[in-house]
Visitor: 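Below you'll find the structure I mean.
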Amino acid sequence: MTSTDLLSVATQFGAPVYVYDAEKITAQYNRLSQAFRQVPSVRLNYAVKALNNISILRLMNHLGSGLDTVSIQEVQLGIQAGFDPKNIIFTPNGVSLEELEQAAALGVQINIDNLSLLEQFGSKHPQIPVCVRINPHVLAGGNANISVGHIDSKFGISIHQIPHILRIVELTGMHINGIHMHTGSDILDIDVFLYASEILFNTAKNFKQLDFVDFGSGFKVPYKAGDIETNVEELGQKLSARFNEFCREYGRPLTLAFEPGKFLVSQAGKFLAKVNVVKQTTSTVFASVDSGFNHLIRPMLYGAKHHITNISNPQGRERYYSVVGYICETDTFASNTQIAEITEGDILCFDNAGAYCFTMASNYNSRLRPAEVLWYEGQAHLIRAHETFEDLVRNQVDLKDSFFHAEATA
Ligand SMILES: *Cc1c(COP(=O)(O)O)cnc(C)c1O
């Protein structure tokens, strides 16, 4: 997708709009598959929460991907997008027994991450195979906001509680067919990841009926110049060799599973917004776009840096800008960042807008959520229309004026 392609999308569909490049998603999928080609059976389960548009899910299905889901609604989306429930894993946190049962009834693989539900589910449905999510207590990456493997994390069953898991399995007669971990969002250090994998292998040895070992995700992609990205080729080589060796120790071939979200879709996405106002203050130049954290919240929520370019003036002289939104609250996308000279009406392009961008959008300030477009084989295809005012009020119940008692007169 060139800047000209992107500008044409903004013109055709109107900004703000999300655009996803199918070719980039495909390339990332193939790159990850290739990295693990030495393992006879590999399953990549795309994490739906990163980007949940049905047409994106169909593309994933087409590529041969499975799905990783965290809510019954994501399971339903996957099924609607044509996935065989067998290729969907349900990895929720803190859900009810009923929700697990609903997912199991649809035929998807259940992954349980606490002892209470493991015991309840196992007692009621010992015949349904279950995967267990363990917490290896390894801190992957340095950011406490996005590391979920450490000691105080709410995710997974502690490895120190393996004896308790085994007791539940023995008492209920349930069948554990998978072992899972998802340590955090960034694999920066492959040795740390391999160390966590050893803990997973050690845990796996306790279960005799496994079909798969699931290593979750955490593949880091670059957001800004100088960012380290996970070396998936090196990881693939080292982990594949170790995994094959483990299967020999275990006595049976197993499937190696991953649940990449960000890795598959982050870089494929661009967010296009129009500059409404350029405002010079005593200390900075603000460029205000027709968007805010109602459309893209990651900069404000995580301090994420999304590289911004002015696709209306790509050759323009660079100047420093603070890019802000139109929300009545601080909604700074970037401070003092160099962008080619901006004129009101220009279209700014935000990179890495594929993962956790549209899916985190809201209607705050009663604003409408943007359209989504899939760029496929050189052409733009609308995959979600811009919301309308009707969407905003659809589920609201208007009690009407006559409902309220007349105001007491003084
Ligand atoms: C969010 C999530 C993922 C995907 O993480 P990325 O960093 O986007 O790759 C995978 N597995 C589970 C269980 C998750 O909750």
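Remember, it's 1-based here, ligands and their atoms both numbered in the order they're listed. Residues take their numbers from the sequence shown, with the count starting at 1. Basis for what follows: all heavy atoms, side chains included, without hydrogens, waters or symmetry-related copies.
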Visitor: Does the separation of the ring centres of Y250 and F201 fall below 6.0 angstrom?
Guide: no
Visitor: Go through ligand 1 atom by atom and flag the ones less than 4.0 Å from a non-hydrogen atom of T91.
Guide: 13 (C)
Visitor: Would you please indicate if the ring centroids of F219 and F258 are separated by under 6.0 Å?
Guide: yes
Visitor: Please state which part of K262 comes within less than 4.0 Å of ligand 1, counting heavy atoms only: side chain, backbone, both or neither.
Guide: both
Visitor: Under a 4.0 Å heavy-atom limit, does A47 contact ligand 1 with its side chain, its backbone, both, or neither?
Guide: side chain
Visitor: Where does D68 meet ligand 1, judged by heavy-atom distances below 4.0 Å: at the side chain, the backbone, both, or neither?
Guide: side chain
Visitor: Hey, is ligand 1 close enough to S217 that some N/O pair sits below 3.5 Å?
Guide: yes
Visitor: Got a salt bridge between R394 and E390, using NZ or NE/NH1/NH2 to carboxylate O under 4.0 Å?
Guide: no
Visitor: For the atom pair CG (L59) and CD (E23), what is the distance rounded to the nearest 0.5 Å?
Guide: 11.5 Å
Visitor: Examine the proximity of ligand 1 to F219 and report which part, side chain or backbone, both or neither, has a heavy atom under 4.0 Å away.
Guide: neither
Visitor: Do Y223 and H306 have ring centres separated by under 6.0 Å?
Guide: yes
Visitor: Taking 4.0 angstrom as the limit and counting only heavy atoms of Y356, give me the atoms of ligand 1 inside it, by number and element.
Guide: 1 (C), 4 (C), 5 (O), 6 (P), 8 (O)
Visitor: Less than 6.0 angstrom separating the ring centers of Y321 and F286, yes or no?
Guide: no
